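Because the structure is predicted, anything quoted here is derived from the model rather than measured. Throughout, numbering of the chain's residues begins at 1 and tracks the sequence.
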Amino acid sequence: MKFGILKSKIENVLLESYKNNTFKDELKIFKKLVIENKNVAKIFYLYDELNTPKGLNESYSNDYINECIKIYENTVNKIKQSDINQIVGWVGNKNVESNYTDIDTLLSNDVLTIESKIKSRKIISESLRKLPITTTKGIDLPLSTMVSVANKTIKNYIDGLNESDKKELINLLSEDDSSLTEKYITLKESVVEKLNNMKESSDDNSVKSRIDETLTKVLSEKFDKLSYFKLKGLNENL
């Protein structure tokens, strides 16, 4: 199993456990299998770092990627298969959309994916050059520093929610995926239509550029409950 898929499964387990009031129990397992295994924790930390905008310039972002690749290669072979098997046994067989496909591709040792690796490297480099996303402190959730190693993306987003949005998200997590998938498709179509209309009616090139960036992001995202929640908010604000 690729580390990006495994990491996404862990994030899903932790998020679902918060909804099911089993967070503390899952957190203990997470600490034992991930945090206390320094090599596994280091790999997941690299994934978080490569997935986080940092406002780097192009030259530095490429140096940063090279250094991450070097650390990955020096670390991955130190991880025992039995350690991975324990994590896989914990997260289960539920299908989860990976949030780290490009990083998995970049770090792959498959010589037949050179073209894909170059493309993924470019995408990651562009992400690293974006300015960091700042969030205002809102809800004090029980997500400690150690959880951020494998749950940083979710934590950053939820930390910025107000109490009302937090309750809406928790209610959303209890809904069935199959019904939400259909709603998500309709919602995405609505958002894309609104954005295209905004682009056509604007004469400002900078506004059009920002709309294009938003369109690219919306069209590339796959369904999960957190993506649905974000898309719903975007649709309501357009």
Side-chain angles (χ1 to χ4, degrees), residues 1-15 30-88 91 96-135 143-157 159 213 216-217 220-222 224 226-227:
M1 182 180 294
K2 296 177 180 178
F3 280 102
I5 297 175
L6 191 59
K7 187 175 187 304
S8 298
K9 283 176 175 279
I10 291 173
E11 291 172 352
N12 182 72
V13 167
L14 292 175
L15 187 58
F30 171 72
K31 180 182 178 182
K32 179 181 179 181
L33 300 183
V34 177
I35 299 302
E36 294 179 357
N37 187 319
K38 63 179 183 179
N39 291 318
V40 172
K42 186 183 291 186
I43 294 295
F44 285 161
Y45 176 77
L46 287 177
Y47 270 70
D48 274 332
E49 290 299 289
L50 288 169
N51 197 51
T52 304
K54 300 181 182 299
L56 307 179
N57 61 43
E58 184 173 1
S59 176
Y60 194 82
S61 69
N62 286 322
D63 290 341
Y64 191 89
I65 291 172
N66 290 337
E67 188 61 27
C68 285
I69 292 174
K70 187 187 300 181
I71 295 173
Y72 174 85
E73 291 175 345
N74 290 335
T75 304
V76 68
N77 291 329
K78 298 176 183 178
I79 299 175
K80 299 177 182 177
Q81 184 60 45
S82 58
D83 294 335
I84 299 299
N85 291 342
Q86 283 185 302
I87 299 175
V88 171
V91 298
V96 173
E97 191 73 32
S98 176
N99 299 315
Y100 308 95
T101 303
D102 287 312
I103 302 176
D104 273 337
T105 302
L106 174 72
L107 299 176
S108 169
N109 58 5
D110 187 351
V111 296
L112 300 179
T113 61
I114 294 177
E115 186 175 345
S116 296
K117 287 166 73 74
I118 293 173
K119 181 179 178 181
S120 292
R121 184 189 184 97
K122 181 178 179 181
I123 292 172
I124 294 168
S125 177
E126 289 174 351
S127 176
L128 290 172
R129 297 201 299 272
K130 292 179 180 178
L131 292 176
I133 300 172
T134 57
T135 58
L143 296 178
S144 64
T145 302
M146 67 177 182
V147 178
S148 69
V149 174
N151 207 28
K152 188 174 181 181
T153 303
I154 293 173
K155 179 184 183 301
N156 283 345
Y157 182 74
D159 275 351
E213 289 180 5
T216 299
K217 181 174 177 58
S220 64
E221 284 188 340
K222 301 294 179 63
D224 60 42
L226 196 57
S227 295

Correct closest heavy-atom pair for Gly4 and Tyr100 would be O-CD1, 3.5 Å
Under 3.5 Å, is there a donor-acceptor pair between the side chain of Asp83 and the main chain of Ile79?
-> no
Determine, stepwise, if the pair Val96 / Ile5 fulfils side-chain contact (heavy atoms from CB on, under 4.5 Å).
-> CA-CA 7 Å; Val96 173; Ile5 297 175; over 6 Å; no
Under the 3.5 angstrom rule, does the side chain of Ser127 hit a backbone N or O of Ile123 as a donor-acceptor pair?
-> no
Flag, side chain of Ser108 to backbone of Asp104, donor-acceptor distance under 3.5 Å | no
Pair Val88-Leu6, side-chain contact (heavy atoms from CB on, under 4.5 Å): steps then yes or no | CA-CA 7 Å; Val88 171; Leu6 191 59; 4.0 Å; yes
Test item: Val40 and Leu33 side chains (from C-beta on) under 4.5 Å apart, heavy atoms = no
Donor-acceptor contact present, side-chain Lys54 to main-chain Leu128, <3.5 Å = no
Should Glu11 and Lys7 count as an ion pair when the cut-off is N to O under 4.0 Å?
-> yes
From Ile118 CD1 over to Leu106 CG, what is the distance, rounded to the nearest 0.5 angstrom?
-> 11.0 Å
Taking the side chain as every heavy atom from C-beta outward, state whether Tyr45 and Leu50 have any atom pair closer than 4.5 Å.
-> no
State whether a side-chain donor-acceptor pair under 3.5 Å links Asn85 with Gln81.
-> yes
Sorted by chain and number, sequence neighbours left out, side chain to side chain contact (heavy atoms under 4.5 Å, CB included) with Thr101 holds for Ser98, Thr105
Could you tell me whether the side chain of Ser61 and the main chain of Glu58 form a donor-acceptor pair under 3.5 Å?
-> yes
Find the distance between CG (Leu56) and CZ (Arg129) and round it off to the nearest 0.5 Å.
-> 9.5 Å
Quick one: side chains of residues 67-76, donor-acceptor pairs under 3.5 Å with protein atoms, not counting sequence neighbours, listed by atom name and distance.
{"unit_1": "Asn74", "atom_1": "ND2", "unit_2": "Lys70", "atom_2": "O", "d": "3.2"}
{"unit_1": "Thr75", "atom_1": "OG1", "unit_2": "Ile71", "atom_2": "O", "d": "2.7"}

All side chain to side chain contact (heavy atoms under 4.5 Å, CB included) counterparts of Asn57, not counting sequence neighbours = Ser59, Tyr60
Are Asn51 and Asn99 close enough, and set up right, to give a side-chain contact (heavy atoms from CB on, under 4.5 Å), and what steps lead you there?
-> CA-CA 9 Å; Asn51 197 51; Asn99 299 315; 5.6 Å; no
Is the closest basic N to carboxylate O distance between Asp102 and Lys119 below 4.0 Å?
-> no
Polar contact flag, side-chain donor to acceptor under 3.5 angstrom, Ser125-Arg121 | no
So Tyr47 and Phe3, would you call those rings parallel, tilted or perpendicular, with 30° and 60° as cut-offs?
-> tilted
Under a 4.5 Å cut-off applied to non-hydrogen side-chain atoms, are Tyr64 and Glu49 in contact?
-> yes
Out of curiosity, Ile43 CD1 to Lys78 NZ, how far, rounded to the nearest 0.5 Å?
-> 10.0 Å
